[in-house]
> 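For reference, the structure I am asking about is given below.
All of these numbers come straight from a predicted model, not from anything done at the bench.
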Amino acid sequence: MLQSVQNPALESYGFSTPLMHSRAAIPPSFSIRPIRLEDEAALAQLLVTCREDAFHWRDAGSFALADFAIETAGERMWVAEGSDGSVWGFISIWEPDDFIHHLYVHPNCQRNGVGEELMRKVLAFKETTWRLKCPVANAPGLAFYEKHGWTVEDRGVDVGSDYFLMRSPAPGREETSAPGPVA
């Protein structure tokens with residue numbers, strides 16, 4: 001059984017709902033669903049937490065809760081939700097360009113199939129060639145996408161960071177490991 005744990009860093013932002021869980025010996029139970037209005041505060045906090053953890057080359061003070069609403073305006077989103085209702089991750093897409101804008105999984109929920117299932121949701125939503133930007137300095141992110149058959153198409157600079165423009169495998173040809181656990 002998974003247990004919710006409190007995180008002082010999250011509480012420092014005034015957010016009291018647990019966003020993460022201790023790792024369990026058995027596969028975790030989670031589901032993927034469309035975003036709901038009541039998810040926004042938790043997702044804003046998740047975005048800040050993930051960026052502070054993964055974007056080590058940027059000043060942690062450069063991330064703000066307001067970034068979530070600004071950066072996801074007009075995007076379609078899905079949420080990974082733990083069996084206790086806590087938010088584990090999310091994915092957002094900009095449909096007109098077949099572009100995955102955000103894919104974030106809480107650091108304590110990674111390597112449990114959450115990111116893979118969020119990506120599968122998008123790939124199943126629309127069979128097309130998707131694109132995304134991944135910072136060059138984000139080695140774990142790059143490894144994740146490469147593991148799933150994404151390839152580098154181009155390189156650029158955005159918000160002071162070098163990034164790779166990546167493209168998904170052709171529809172129906174995704175290379176992945178075994179399916180992740182889903183409730």
> When rounded to the nearest 0.5 angstrom, what distance separates CG in Leu47 from CD in Glu52?
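Going from the CG atom of Leu47 to the CD atom of Glu52 covers 10.0 Å.
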> Measure the spacing between OG1 of Thr151 and CD of Glu146 and express it to the nearest 0.5 Å.
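Going from the OG1 atom of Thr151 to the CD atom of Glu146 covers 9.5 Å.
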> Apply side chain to side chain contact (heavy atoms under 4.5 Å, CB included) to residues Ile93 and Trp78 and explain how you reach the verdict.
CA-CA 9 Å; Ile93 60 172; Trp78 290 271; 3.9 Å; yes
> Does the side chain of His102 come within less than 4.5 Å of Thr72's, by heavy atoms?
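A side-chain contact exists here, since the closest heavy-atom pair is under 4.5 Å.
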> Would you check if the side chain of His101 reaches a backbone N or O of Glu75 as a donor-acceptor pair within less than 3.5 Å?
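Between the backbone of Glu75 and the side chain of His101 there is no qualifying donor-acceptor contact (under 3.5 Å).
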> In terms of the angle between their ring planes, are Phe68 and Phe90 parallel, tilted or perpendicular, with boundaries placed at 30° and 60°?
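Phe68 vs Phe90 ring planes: perpendicular.
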> Do any N or O atoms from the side chain of Glu117 and from the backbone of Ile32 form a donor-acceptor pair under 3.5 angstrom?
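No; judged by distance alone, with no hydrogens or angles, the pair does not exist.
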> Who are the side chain to side chain donor-acceptor pair (under 3.5 Å) partners of Thr128, not counting sequence neighbours?
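With sequence neighbours excluded, Thr128 shows a side chain to side chain donor-acceptor pair (under 3.5 Å) to Asp98, given in chain and number order.
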> Give me the other members of the hydrophobic cluster that Ile70 sits in, counting Ile, Leu, Val, Met, Phe, Trp and Tyr linked by side-chain heavy atoms under 4.5 Å, directly or via other members.
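Traced through the cluster, Ile70 reaches no other member.
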> Taking the ring of Trp150 and the ring of Phe144, is the distance between their centroids below 6.0 Å?
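Centroid distance Phe144-Trp150: not below 6.0 Å, so no.
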> Go through Glu153 and Phe164 one step at a time and tell me if the side chain to side chain contact (heavy atoms under 4.5 Å, CB included) criterion holds.
CA-CA 7 Å; Glu153 196 171 77; Phe164 288 124; over 6 Å; no
> Taking all atoms of both residues into account, what is the closest heavy-atom pair of Pro169 and His148, and its distance?
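Scanning both residues, the minimum pair turns out to be CG-O, 3.4 Å.
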> Evaluate side chain to side chain contact (heavy atoms under 4.5 Å, CB included) for Leu43 paired with Ile35, printing each intermediate quantity in order.
CA-CA 9 Å; Leu43 293 174; Ile35 187 175; 3.5 Å; yes
> Any idea which heavy atoms bring Leu142 and Cys134 closest together, and the distance?
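Heavy atoms of Leu142 and Cys134 come nearest at CD2-SG, 3.6 Å.
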> For the residue pair Cys109 and Val114, what are the closest heavy atoms and their distance?
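That closest heavy-atom pairing would be O-CG2, 3.8 Å.
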> Please go through Phe99's hydrophobic cluster and name the other residues, only I, L, V, M, F, W, Y counting, with side-chain heavy atoms under 4.5 Å joining them.
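Phe99 shares its hydrophobic cluster with Trp94, Tyr163, Leu165.
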> Less than 4.5 Å apart, side chain to side chain, heavy atoms only: is that true for Leu132 and Leu103?
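No, their side chains stay 4.5 Å or more apart.
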> Passes side chain to side chain contact (heavy atoms under 4.5 Å, CB included), Met119 versus Leu123? Steps please.
CA-CA 6 Å; Met119 187 173 16; Leu123 295 176; 4.0 Å; yes
> Do NZ/NE/NH1/NH2 and the carboxylate oxygens of Glu116 and Lys121 come within less than 4.0 Å?
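Judged by the 4.0 Å cut-off on N to carboxylate O distance, Glu116 and Lys121 do not form a salt bridge.
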> Check whether any side-chain heavy atom of Met166 lies under 4.5 Å from a side-chain heavy atom of Tyr145, and answer yes or no.
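Yes - at least one pair of side-chain heavy atoms lies under 4.5 Å apart.
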> Ion pair present between Asp97 and Arg131, side-chain N to carboxylate O less than 4.0 angstrom?
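No, no charged N to carboxylate O under 4.0 Å.
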> Is Arg33 paired with Asp39 through a side-chain N to carboxylate O contact shorter than 4.0 Å?
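Salt bridge flag = yes for Arg33 with Asp39.
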> Would you say that Arg155 contacts Asp162 through its side chain, given a criterion of any heavy-atom pair below 4.5 Å between the two side chains?
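In short, these two side chains touch, coming nearer than 4.5 Å.
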> Which atom names give the shortest non-hydrogen contact between Leu65 and Ala44, and what distance separates them?
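The pair with the smallest heavy-atom distance is O-CB, 3.5 Å.
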> Any idea which heavy atoms bring Cys50 and Pro107 closest together, and the distance?
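In this case the closest contact between Cys50 and Pro107 is SG-CD, 4.1 Å.
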> For a quick test of reading the model, state the closest non-hydrogen atom pair linking Val79 to Leu118 and the distance between them.
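Residues Val79 and Leu118, closest heavy atoms: C-CD2, 4.1 Å.
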